[in-house]
Amino acid sequence: MPGFELFGDLERNEVNDVLKSGVLMRYGFDGMRNGHWKAKELEKELQNTFQSKHVQLVSSGTAAVSVALASAGVGAGDEVIMPTFTFVASFEAIMMLGAIPILVDIDDTLGLNPEAVEQAITAKTKAIMVVQMCGSMANMDALQSISNKHNILLVEDACQAIGGTYNGKPLGSIGDLGCFSFDFVKTITCGEGGAVITNKKEYYLNADHYSDHGHDHIGNDRGAETHPFLGYNFRISELHAAVGLAQVKRLPEFLEIQKRNYTILRDALSQIPEVTFRTVPEGGEESYAFLNFFLPDLEIANNVSKAFNENGVDACWNYYNNNWHYIRKWNHLKDLKSLYSISEEVKQGLEYLQTKTFEESDHYVSRNISCLIKLSWTEDEVRNRASKMVEIIKSII
Ligand SMILES: *Cc1c(COP(=O)(O)O)cnc(C)c1O
């Protein structure tokens, strides 16, 4: 996945354009910037890449999720349905708005289980947030039907699935709003950065204003702009956007390398009858950023994971005991450890976490191994890695 592996002259040249003018801010200073508008250019590129009418760059993927939800009016006391297997950013972004994260089970896609989503809908549900984990996707048709039927928003966190598609559409462009991260370890990086994409002009304008203190961005005198509503600062800088501009042009190359490396590993592991793979919904194509596979049980998965580590097969994880990606270890959320007081509404809204169990998620996450697909591997290195992985798994099963 990580675009940083292939950081080079293209990226340096784009950054140097910005350094030469010294205008590090994406808005204003028209006279000083030698015609360089890296953030604007990157937004245009991303409109093409994600086949989306509108793109708003922001400072991170986490900011993208908050800005997307805020732009569609999600706020205090609203419930947002999200998966148990994701990144901590999902609940952080929801709670920042005073909204309530409602965690539900995943299925063998490693994404939201549509039945669990349907069961979790209440009168307070404002949005379903699907997270396209590890380069693939949840059952989008089913989720879209539920969102239509109940008239609730479908927001897509595609931070880990840049370049994946569903029925020919880029992941992130299927829901009402899509979110991306360009942090240092994502498929394309800005260093830090993110984007909100949408086809709805109203949401876009909201995102544009909200991420810059409510500025309306009309005219070219920043000081004279009006503020139609309250906002914050989630701006990306020109320096970060410059890196992303170089990286996005290389995305087709990155995806091709990912697919080649993924296919070699998958073909090798397919020879082991006990190894199975996540379900990719019909019509879906992964971004190949990760290879995910299931082993027969948690003990085997733990042993394989340990043996991989000890034998130089890096970047493979079993997320069952992981602090970042799975509900089991999110004690700071369950215990509501917060620096500042949290509203009674949110406290009550999260009480279910004391008792709710997630057997189906446990069933899949405990047996899953997720291997990052690197861009810098040579073909020989991938083939050696593949044989080593097969050897290790066979010796444990
Ligand atoms: C990386 C990531 C984010 C957050 O992105 P940042 O840019 O690091 O804030 C959100 N969701 C998922 C699924 C991610 O992988």
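In each ligand, atom 1 is the first atom listed, and ligand 1 is the first ligand listed. Throughout, numbering of the chain's residues begins at 1 and tracks the sequence.
- The immediate protein surroundings of ligand 1, defined as residues with any heavy atom under 4.0 Å of it, consist of S60, G61, T62, F87, A89, V131, D157, C159, Q160, S181, D183, K186, G193.
- When ring centroids are compared, F294 and F277 stay outside the 6.0 Å threshold.
- Ring-centre distance between F180 and F50: below the 6.0 Å cut-off.
- Between Y27 and H217, the distance from one ring center to the other falls under 6.0 angstrom.
- F254 and T187 make their closest contact through CD1-O, 3.3 Å (heavy atoms, listed as atom of the first residue, atom of the second, distance).
- Scanning both residues, C134 and R278, for their nearest heavy atoms gives O-NH1, 2.9 Å.
- Taking the ring centroids of H227 and H215, they lie under the 6.0 Å cut-off.
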